[in-house]
*Asks:* 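Before anything else, here's the structure in question.
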Amino acid sequence: MTSSRKGSGPSRLGRLVGSYDRPVSLPRVRFAPAPTGFLHVGSARTALFNWLFARRSGGEMVLRIEDTDASLKTQAYVDAIVEPLRWLGLDWDGEPVFQSERRGLHLAAIERLLADGRAYFCDLSRAEIEQRCEEAGLPVGYHGFSRHRDVADGPGVVVRFRCDDDGATVVNDIVRGRVSFGNESLEDFVIRRGDGSPTFHLANAVDDCDMGISHVIRGEDLLNTTPRVLLLWEALGFGPPPAYAHLPLLVNAKRQKLSKRRDDVALDIYRGRGYLPEAMVNCLALLGWGPPDEVEIRPLAEIVALFDLEAVKPAPAFFDPVRLDHINSTYIKALPPEQFADAAVPFMFQPDAPKEDPDATEDARVREVAVRLAGDLQDRIDKLADVGGWVDWILSGEVRYDEKAWHKAMVKGRAAADVLAMVEARLADDDFSSAERLESIVMGVGDKLSERLGERVRSQPPVRVALTGRSAGLPLWEPMRLLGKSETLSRLHAARTRL
RNA sequence: GCCCCCAUCGUCCAGCGGCCUAGGACGCCGGCCUUUCACGCCGGUAACACGGGUUCGAAUCCCGUUGGGGGUGCCA
C-alpha cells in the first residue's frame with residue numbers, strides 16, 4: 001500500500017497554505033459526503049470503512065461536507081448527515097469542514113492554473129457544444145472547442161482544465177490495482193462554474209492536499225473521475241497524490257446501484273424500523289469485506305482490530321435486508337433485559353411509529369411489559385418495530401378475534417366451553433402471583449377434561465384465543481399476570497358468551 | 001456510442017498454484033426439542049459463467065467471449 005506519503009513539510013500547497021499542518025506519517029482520511037438531505041446506506045458504509053481504516057491505523061478521519069453547489073447548503077442538510085453518523089457511533093477528528101468556506105483557496109488554485117496556461121475560459125453552452133460536435137462530425141462531448149478562442153472572463157463564463165491529449169493517467173487503487181485511463185478519453189472539464197464557484201474535482205484536489213489526506217476511500221462510482229483529480233493534482237504541483245481505494249458499490253436485489261427512487265436507502269428508515277446501530281454497523285462492515293476467521297457477527301472493537309483495506313473485495317455487494325434482519329436479531333437477543341426495554345419501549349405503542357414522548361404512566365406500564373417479557377420477545381423479533389405485534393393485546397385493553405383462530409379453537413376444538421368455564425372458575429381462586437401456577441391451573445384443566453371425556457383435550461388454545469384473539473403468540477403465563485386477574489377473567493367470560 | 005470496473009452456492013464472505021472430493025454464515029428443506037409461536041440443536045440443498053492458453057499441477061496467473069454494473073453534467 002502506498003500509504004505514507006513523503007510530503008516535504010506540512011503543506012505542499014505553497015502560497016495556498018491552509019490550517020492543517022501536521023506530520024504526514026500517520027494516515028489521515030476524510031469522509032466527504034454531499035449534503036443531500038439524508039445519509040445514504042452506501043455513504044454510511046463508506047464512512048464506516050474510512051473510520052475503520054483510521055481507527056485501525058491510529059490515524060485520523062475528518063468530516064468534510066462537499067457543498068460546493070450552493071443549493072446544498074443548509075443546516076438541516078448538515079444535521080441529516082451528522083446525526084445518523086452519531087447514531088452509528090462513528091466519530092471524526094476535529095470540527096466538520098465545509099468546502100464552501102474554503103472557496104478562497106479553491107479560487108486561488110484556479111487562478112494559478114489559468115496563469116500557468118493549464119486552464120482557460122469557455123463561454124459555450126451545452127447546446128452550442130452539441131452543435132459544434134454535429135458540425136465537426138464528432139461524438140458527443142466537449143473536444144476542447146474553446147482552447148484557442150481567447151474567451152475573456154465574464155458572467156456565465158466557465159473555466160476548463162486543459163487535459164493532455166495523449167499518454168495515460170494511472171490510478172493505483174488499493175482494492176483494484178492499477179487502473180489506466182487513456183488521456184484521449186478525458187475531456188477538458190469545468191473547474192469553475194459560470195457563477196464563479198469551483199466544482200468538486202478542483203475543490204477535491206485542493207482540499208485533499210491542504211488537509212493532508214493520505215488515503216481517499218470512497219465509492220466505485222467515483223473511480224472514473226479520479227484521473228481528473230490526479231491531473232489537477234499534478235498541474236498544481238502538489239507532489240505525490242494520496243492513495244486511492246474505491247469500494248465496491250452497494251447494489252439491490254436486481255444488482256443495480258442502490259437508488260433513492262427504487263430502494264430504501266436512507267439510514268433513518270432502518271432506525272425507524274428498529275434496527276440497532278451496532279447491528280447496522282456490523283452488517284455494513286461485511287459488505288465488501290470479511291474477517292479472516294469467518295466470524296461475522298462480533299463486537300466493533302474486534303472488527304477494528306481485524307479490518308484490512310487491502311482485503312476489500314472489488315465485486316459489488318448486495319445489501320440484503322434478510323441478512324440485516326439476521327444480524328439485528330442476533331444483537332437483540334444479546335441485549336440485557338433493561339437495555340432491551342429501553343430500546344423497545346418507543347416501538348411498543350404503535351409499530352412503525354416510535355412514540356417520541358409517551359405519557360408517563362402509560363410509559364411505566366409499557367416498560368414493565370417490556371422488561372418482564374424481554375427474553376420471550378427477544379427470541380421472537382428481528383427488529384424492534386415487530387414488538388408491537390406480540391404485545392398489543394396486553395396493552396390495548398381489548399381483544400380482536402382472528403376468526404380463523406376462533407373457529408379452530410372454539411368451534412372445532414374439543415370442549416371449548418367446558419375449558420373456558422373451568423379455567424375461569426379455578427383462576428378466580430388464584431392471586432396471580434405466580435406464572436408457573438397459572439400454567440399448571442390451565443394445563444390441569446386440560447388434563448382433567450381429557451380424563452373425564454376419554455379423549456385428548458387441549459386447554460391452551462381456547463384460553464389463548466379468548467385472551468389474545470390469536471392462535472399463536474408468547475407463552476401465556478407471564479402475560480396473564482401482566483394483563484391482571486380481572487381483565488383475564490373478563491376476557492374468558494366474554495369469550496364464553498360469544499360461543 | 002465511448003471509457004472504466006466486476007465475475008466462487010439464491011445472498012454475503014473464505015480460497016491469493018498443490019492442503020479443494022471448494023469452507024463458513026444467511027436463506028431454503030428435513031429432523032430433534034416443545035400441549036401455541038418462537039429460540040436452540042442436528043442434518044441436508046446449493047457455486048468456481050464459457051473458451052483458450054501458461055504450468056508437472058489452476059477456482060487461483062494471462063488472453064478472449066459472454067453476462068452484469070458504473071461513468072460519460074457548469075451534481076457530488
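Each chain gets a letter, A, B and so on, in the order its sequence line appears, and its residues count up from 1.
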*Asks:* Sticking with atom P, work out how far A49(B) lies from A14(B), rounded to a whole angstrom.
*Replies:* 16 Å

*Asks:* Applying a 3.5 Å limit to both distances, which nucleotide forms a Watson-Crick or G-U wobble pair with A58(B)?
*Replies:*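 Paired with no nucleotide.
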
*Asks:* Does the side chain of D382(A) pick up a donor-acceptor pair with the side chain of Y275(A) at under 3.5 Å?
*Replies:* no

*Asks:* Measure from CG on L377(A) to C1' on A38(B) and round the result to the nearest Å.
*Replies:*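 The distance from CG of L377(A) to C1' of A38(B) comes to 11 Å, rounded to the nearest Å.
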
*Asks:* Report which part of the nucleic acid D447(A) touches: base, sugar-phosphate, or nothing (heavy-atom distance under 4.0 Å, all strands).
*Replies:*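 Base contact - D447(A) has a heavy atom under 4.0 Å of at least one base atom.
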
*Asks:* For a side chain to side chain donor-acceptor pair (under 3.5 Å) with R30(A), tell me which candidate from D207(A), N204(A), N50(A) qualifies.
*Replies:*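 The residue from D207(A), N204(A), N50(A) that satisfies side chain to side chain donor-acceptor pair (under 3.5 Å) with R30(A) turns out to be N204(A).
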
*Asks:* Between T68(A) and A76(B), is there a side-chain N or O to OP1/OP2 distance below 4.0 Å?
*Replies:*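 For T68(A), the contact criterion (side-chain N or O under 4.0 Å from OP1 or OP2 of A76(B)) is met.
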
*Asks:* Taking only the side-chain heavy atoms of R160(A) (C-beta and beyond), determine which of C74(B), C4(B), G68(B) contains the nearest atom.
*Replies:* C74(B)

*Asks:* Check this for me, if you would: do D392(A) and R400(A) make a salt bridge, where the nitrogen-to-carboxylate-oxygen distance has to be below 4.0 angstrom?
*Replies:* no

*Asks:* Output, in order, the C-alpha distance, side-chain angles, deciding distance and verdict of side-chain contact (heavy atoms from CB on, under 4.5 Å) for W406(A) and S471(A).
*Replies:* CA-CA 8 Å; W406(A) 176 272; S471(A) 58; over 6 Å; no

*Asks:* Please state whether the base of G68(B) and the side chain of Q256(A) form at least one donor-acceptor pair under 3.5 Å?
*Replies:*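 By the distance-only test, no, there is no pair.
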
*Asks:* C1' atom, C62(B) versus U55(B): distance in rounded Å?
*Replies:*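 12 Å, rounded to whole Å.
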
*Asks:* With respect to the side chain of L249(A), which nucleotide from C4(B), G70(B), C74(B) is positioned closest?
*Replies:*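 Side chain of L249(A) sits closest to G70(B).
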
*Asks:* When the C1' atoms of C6(B) and C48(B) are compared, how many Å lie between them, rounded to an integer?
*Replies:* 16 Å

*Asks:* Checking contacts here: which listed nucleotide (G71(B), C13(B), C3(B)) is nearest the side-chain heavy atoms of D221(A)?
*Replies:*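 Selected nucleotide (nearest to the side chain): G71(B).
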
*Asks:* Please determine whether a side-chain nitrogen of the Lys or Arg among K333(A) and D379(A) lies less than 4.0 Å from a carboxylate oxygen of the Asp or Glu.
*Replies:* no

*Asks:* Rounded to the nearest angstrom, tell me the gap between atom CG in L250(A) and atom P in U11(B).
*Replies:*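 Rounded to whole Å, this separation is 15 Å.
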
*Asks:* I need the CG-C1' distance between L223(A) and A76(B), as an integer number of Å.
*Replies:* 15 Å

*Asks:* In whole Å, what is the span from the CZ atom of R176(A) to the C1' atom of G70(B)?
*Replies:* 10 Å

*Asks:* Base, sugar-phosphate or nothing for P33(A)? Non-hydrogen atoms, less than 4.0 Å.
*Replies:* nothing

*Asks:* Taking the P atom of each, how far is U72(B) from U65(B), in whole Å?
*Replies:*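 To the nearest whole Å, 25 Å.
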
*Asks:* Check the distance between U72(B)'s C1' and Y142(A)'s OH and give it to me in whole angstrom.
*Replies:* 17 Å

*Asks:* Measuring from the side chain of E294(A) (C-beta onward, heavy atoms only), which nucleotide among A7(B), A14(B), C12(B) has the closest atom?
*Replies:* A14(B)

*Asks:* Can you check the L222(A) CG to C5(B) C1' distance for me, whole Å?
*Replies:* 13 Å

*Asks:* Closest nucleotide of RNA chain B for D320(A) versus for S197(A): which of these residues is on the 5' side?
*Replies:* D320(A)

*Asks:* With a cut-off of less than 4.0 Å, is there a side-chain N or O of K313(A) near OP1 or OP2 of C13(B)?
*Replies:*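 For K313(A), the contact criterion (side-chain N or O under 4.0 Å from OP1 or OP2 of C13(B)) is met.
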
*Asks:* Can you check the distance between C28(B) and G67(B), where both ends of the measurement are the C1' atom (answer in whole Å)?
*Replies:* 26 Å

*Asks:* Any base atoms under 4.0 Å from P139(A), or only sugar-phosphate, or nothing? Heavy atoms, all strands.
*Replies:*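 It contacts nothing in the nucleic acid.
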
*Asks:* Could you tell me whether D188(A) and R118(A) have a side-chain N and a carboxylate O separated by less than 4.0 Å?
*Replies:* no

*Asks:* On RNA chain B, does the nearest nucleotide to P198(A) precede the nearest nucleotide to A472(A) from the 5' side, or the other way round? Give the residue.
*Replies:* A472(A)

*Asks:* Please pick, from G40(B), C13(B), A76(B), the nucleotide with the shortest atom-to-atom distance to any side-chain atom of K333(A).
*Replies:* G40(B)

*Asks:* Any strand counts, and the cut-off is 3.5 Å on both contacts for Watson-Crick or G-U wobble. Which nucleotide pairs with U34(B)?
*Replies:*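 Pairing partner: none.
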
*Asks:* Grab the NE2-P distance between H143(A) and G73(B) for me, whole Å please.
*Replies:*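 Whole-Å distance recorded here is 11 Å.
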
*Asks:* Could you let me know what C2(B) is paired to, Watson-Crick or G-U wobble, both distances under 3.5 Å, or none if it's on its own?
*Replies:* G71(B)

*Asks:* Can you tell me which nucleotide in C12(B), C37(B), C74(B) comes closest to the side chain of W390(A)?
*Replies:*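 Selected nucleotide: C37(B).
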
*Asks:* Taking pairing as Watson-Crick or G-U wobble with both contacts under 3.5 Å, can you name the mate of G23(B), or confirm there isn't one?
*Replies:*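 Pair assignment: G23(B) / C13(B).
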
*Asks:* Using the C1' atom as the point on both nucleotides, what is the distance between G69(B) and C63(B), in whole Å?
*Replies:* 22 Å

*Asks:* Of the nucleotides C26(B), A38(B), G70(B), which has the atom closest to the D379(A) side chain?
*Replies:*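 Between C26(B), A38(B), G70(B), the one nearest the side chain of D379(A) would be A38(B).
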
*Asks:* Hey, is the side chain of R323(A) pairing donor to acceptor with the base of U11(B) inside 3.5 Å?
*Replies:*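 A donor-acceptor contact between them is absent.
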
*Asks:* Between C74(B), A25(B), U36(B), spot the one nearest the side chain of E296(A), thanks.
*Replies:*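 For E296(A), the side-chain atoms sit closest to A25(B).
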
*Asks:* Does A7(B) pair with anything, Watson-Crick or G-U wobble, both distances under 3.5 Å, and if so, with which nucleotide?
*Replies:*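 Looking at the geometry, A7(B) pairs with U66(B).
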
*Asks:* Between C6(B), G71(B), C74(B), which nucleotide gets closest to the side-chain atoms of V190(A)?
*Replies:*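 Given the options C6(B), G71(B), C74(B), the side chain of V190(A) is closest to C74(B).
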
*Asks:* For R218(A) and H246(A), which I'm curious about, is there any donor-acceptor pair between the side chains at under 3.5 Å?
*Replies:*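 The criterion, which ignores hydrogens and geometry beyond distance, is satisfied for H246(A) and R218(A).
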
*Asks:* Phosphate oxygens OP1/OP2 of C74(B): is one of them under 4.0 Å from a side-chain N or O of R126(A)?
*Replies:*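 For R126(A), the contact criterion (side-chain N or O under 4.0 Å from OP1 or OP2 of C74(B)) is met.
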
*Asks:* Determine the Euclidean distance between corresponding P atoms of C13(B) and U21(B); express it in Å to zero decimal places.
*Replies:*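 Pairwise P distance, U21(B) against C13(B), rounds to 25 Å.
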
*Asks:* Report which part of the nucleic acid L474(A) touches: base, sugar-phosphate, or nothing (heavy-atom distance under 4.0 Å, all strands).
*Replies:* base

*Asks:* List the steps, then state whether side-chain contact (heavy atoms from CB on, under 4.5 Å) holds for Y142(A) with V190(A).
*Replies:* CA-CA 10 Å; Y142(A) 171 69; V190(A) 171; over 6 Å; no

*Asks:* Quote, to the nearest angstrom, the C1' distance that separates C39(B) from C33(B).
*Replies:*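 After rounding to an integer number of Å, I get 11 Å for this pair.
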
*Asks:* Name the pairing partner of G43(B), where a pair is Watson-Crick or G-U wobble with both distances under 3.5 Å, or state none.
*Replies:* C29(B)

*Asks:* So what does P461(A) touch, heavy atoms closer than 4.0 Å: a base, only the sugar-phosphate, or nothing?
*Replies:*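 Touches nothing.
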
*Asks:* Measure from the side-chain heavy atoms of F181(A) and tell me the nearest of U35(B), C3(B), A76(B).
*Replies:* C3(B)

*Asks:* Is the phosphate of U36(B) approached by R380(A) (side-chain N or O, under 4.0 Å from OP1 or OP2)?
*Replies:*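 No, no such contact exists.
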
*Asks:* Suppose we define a pair by two distances each less than 3.5 Å, Watson-Crick or G-U wobble; what does C48(B) pair with here?
*Replies:* none

*Asks:* G24(B) P sits how many Å from R298(A) CZ, rounded?
*Replies:* 17 Å

*Asks:* Assess whether a salt bridge exists between D173(A) and R178(A), defined as any Lys/Arg side-chain N lying under 4.0 Å from an Asp/Glu carboxylate O.
*Replies:*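 No salt bridge links D173(A) with R178(A).
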
